[in-house]
Amino acid sequence: ADAGLGRWESAAILLLTGAAALLVGVSQRHRRGTLAGVRRAISESHGEVDRMSGGPPVEDELRVLWDSAQAQGTAIEKQMAQLLDEHKQLSLQRSLAETQRRQIETVFESIAEPLLVSDAFGHLMLANAAAGQLLGFDPSSSHRKRLDEVISDEALLEIIRRSREADSRAAKRRAEHPIKGRVFESTLSAYGAEGVGASSQHGVVMMLRDITQERESSKAKSNFVAQV
């Protein structure tokens with residue numbers, strides 16, 4: 001039993017040496033050289049193993065085990081190649097998403113009116129500088145924060161909340177709202193709704209337009225007509 005154990009210990013050492021060289025990613029040509037090296041090692045140790053065990057040569061048995069290890073190594077290499085390809089694809093997708101985000105932000109910044117985009121959970125996703133200046137927050141450091149953490153205007157938060165919780169058709173609405181002594185018209189639209197009239201919560205895009213001058217002009221006309 002001890003002799004047999006010694007025989008297989010020697011065989012296992014030779015097998016693991018070759019398998020280790022295979023799994024570190026050597027080329028097919030190098031692997032053939034590695035197999036030849038193992039064969040040479042087997043040949044050199046052949047007499048010693050036979051003397052220890054008193055049994056037949058182990059080269060044929062090792063060849064079967066080696067072929068199995070080689071096949072498993074090839075399968076691992078294929079899986080690694082597939083994972084690397086998937087990693088490259090994910091990296092490309094992230095890069096494209098980041099590029100698209102920068103393009104959207106550029107468009108946002110080119111619009112003079114304050115713009116806010118929030119998701120279905122009430123987190124701020126995008127805002128331009130005009131919105132930050134009007135509502136008193138820094139858009140660059142407020143990404144993905146809750147709206148109630150960056151906006152203190154409770155009435156405006158309520159307008160957004162109602163639009164977010166309404167179905168997609170009712171979410172499209174207009175409302176007048178005073179901010180810092182001026183009158184703004186808020187235009188809200190839904191995005192991310194799964195279908196027309198979808199009742200689940202969805203994201204909201206809101207644009208604020210200063211209509212103070214329009215309202216003052218309309219009031220002045222009304223007063224003039226009343227005095228005539």
Nearest 0.5 Å, what's the [atom1]-[atom2] distance between [X] and [Y]?
{"X": "S118", "Y": "R144", "atom1": "OG", "atom2": "CZ", "value": "12.5 Å"}
{"X": "I159", "Y": "S163", "atom1": "CD1", "atom2": "OG", "value": "10.0 Å"}
{"X": "D119", "Y": "R164", "atom1": "CG", "atom2": "CZ", "value": "8.0 Å"}
{"X": "I211", "Y": "R182", "atom1": "CD1", "atom2": "CZ", "value": "10.5 Å"}
{"X": "L90", "Y": "L83", "atom1": "CG", "atom2": "CG", "value": "10.5 Å"}

Heavy-atom closest pair, residues H202 and A166: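 Answer, listing the atom of H202 first, then A166: NE2-O, 2.7 Å.
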
Over all atoms of both residues, closest heavy-atom pair of M125 and Y191: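 Closest approach of M125 to Y191, heavy atoms only: CG-OH, 4.0 Å.
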
Could you tell me whether the side chain of [X] and the main chain of [Y] form a donor-acceptor pair under 3.5 Å?
{"X": "H143", "Y": "A127", "value": "no"}
{"X": "S218", "Y": "E214", "value": "no"}
{"X": "S189", "Y": "V205", "value": "no"}
{"X": "N128", "Y": "S110", "value": "no"}
{"X": "T212", "Y": "V183", "value": "yes"}

Among I179, L208, I160, the one residue meeting side chain to side chain contact (heavy atoms under 4.5 Å, CB included) with S186: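 For S186, the side chain to side chain contact (heavy atoms under 4.5 Å, CB included) test succeeds with only one of I179, L208, I160, which is L208.
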
Of L156, L157, L135, the residue whose pairing with L147 passes side chain to side chain contact (heavy atoms under 4.5 Å, CB included):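 When L156, L157, L135 are each tested with L147, the side chain to side chain contact (heavy atoms under 4.5 Å, CB included) holds only for L157.
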
Just wondering, are more than 12 heavy atoms of other shown residues or ligands nearer than 6.0 Å to [atom1] in [X]?
{"X": "Q133", "atom1": "CD", "answer": "no"}
{"X": "E176", "atom1": "CD", "answer": "yes"}
{"X": "K180", "atom1": "NZ", "answer": "yes"}

Quick check: is [Y] connected to [X] through a chain of hydrophobic side chains (ILVMFWY, heavy atoms under 4.5 Å apart)?
{"X": "F184", "Y": "F137", "value": "yes"}
{"X": "L124", "Y": "L115", "value": "no"}
{"X": "L134", "Y": "M206", "value": "yes"}
{"X": "M207", "Y": "V150", "value": "no"}

Under-4.0 Å salt bridge between R161 and E158: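 E158 and R161: salt-bridged.
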
N-O pairing of R209 and E185 below 4.0 Å: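 Yes, charged N to carboxylate O under 4.0 Å.
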
Pairwise side-chain contact, L116 with I151, heavy-atom cut-off 4.5 Å (strictly under):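 Yes, close enough: below the 4.5 Å cut-off.
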
Validation row: K145, H123 side chains within 4.5 angstrom (heavy atoms):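 The answer is no; the side chains never approach within 4.5 Å.
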
